[in-house]
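Some notes on the structure that comes next.
Remember, it's a predicted structure, so these values are computed and weren't measured experimentally.
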Amino acid sequence: MDLKLLTKPQCHLCAAAKQTMDEITSEYNIGWQEISTTDHPELAEQFAEEIPVLFINDKQRDFWVIDPARLRLMIEAGLES
């Protein structure tokens, strides 16, 4: 399972999303990757109004606020397949 979180600097929603990602992924002993708009300006333009954005296996799955319960469900569904 490939989990990525698109973030931008000075973003309070991103800080909260990163904390949620750390907490939930640690429960399943899996990792995730942060992608910064600083390094990928094309993504900043594409997802400007939705950041932070959660991608699972390169598909957009959530944005703005990463809900812990929803993230758990998506991880469990991915682990079962």
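With contacts defined as side-chain heavy-atom distances shorter than 4.5 Å, the pair Thr37/Leu6 qualifies. The shortest distance between side-chain heavy atoms of Ile56 and Ile75 does not fall below 4.5 Å. You'll find the side chain of Met74 stays beyond 4.5 Å of the side chain of Leu3, heavy atoms only. With contacts defined as side-chain heavy-atom distances shorter than 4.5 Å, the pair Val53/Asp62 does not qualify.
In the hydrophobic clustering of ILVMFWY residues, with side-chain heavy atoms under 4.5 Å counting as a link, Ile66 and Phe55 come out apart. Hydrophobic clustering (ILVMFWY, side-chain heavy atoms < 4.5 Å, transitive): Ile24 and Met1 are in one cluster. Under the 4.5 Å side-chain contact rule for hydrophobic residues, Leu5 and Leu13 do not share a cluster. Under the 4.5 Å side-chain heavy-atom criterion for Ile, Leu, Val, Met, Phe, Trp and Tyr, Leu54 and Leu73 are members of distinct hydrophobic clusters.
In this structure, Arg61 has no side chain to side chain donor-acceptor pair (under 3.5 Å) partners at least two apart in sequence or on a different chain. Partners of Phe63 by ring pair (Phe, Tyr, Trp, His ring centres under 6.0 Å), not counting sequence neighbours: none found.
In this structure, Phe47 CZ and Ile35 CD1 are separated by 9.5 Å, a value rounded to the nearest 0.5 Å.
Identified under the salt bridge (Lys or Arg N to Asp or Glu O under 4.0 Å) test for residues 31-50, with sequence neighbours left out: Lys18-Glu34. Residue pairs that meet the ring-ring contact (aromatic ring centres under 6.0 Å, His included) test with at least one member in residues 5-44, sequence neighbours left out, do not exist here. Applying the salt bridge (Lys or Arg N to Asp or Glu O under 4.0 Å) test to every pair with at least one member in residues 3-14, sequence neighbours left out, gives these pairs: Asp2-Lys4, Lys4-Asp58. Judged as a salt bridge (Lys or Arg N to Asp or Glu O under 4.0 Å), the pairs with a partner in residues 20-29 (not counting sequence neighbours) are, in order, Glu27-Arg72.
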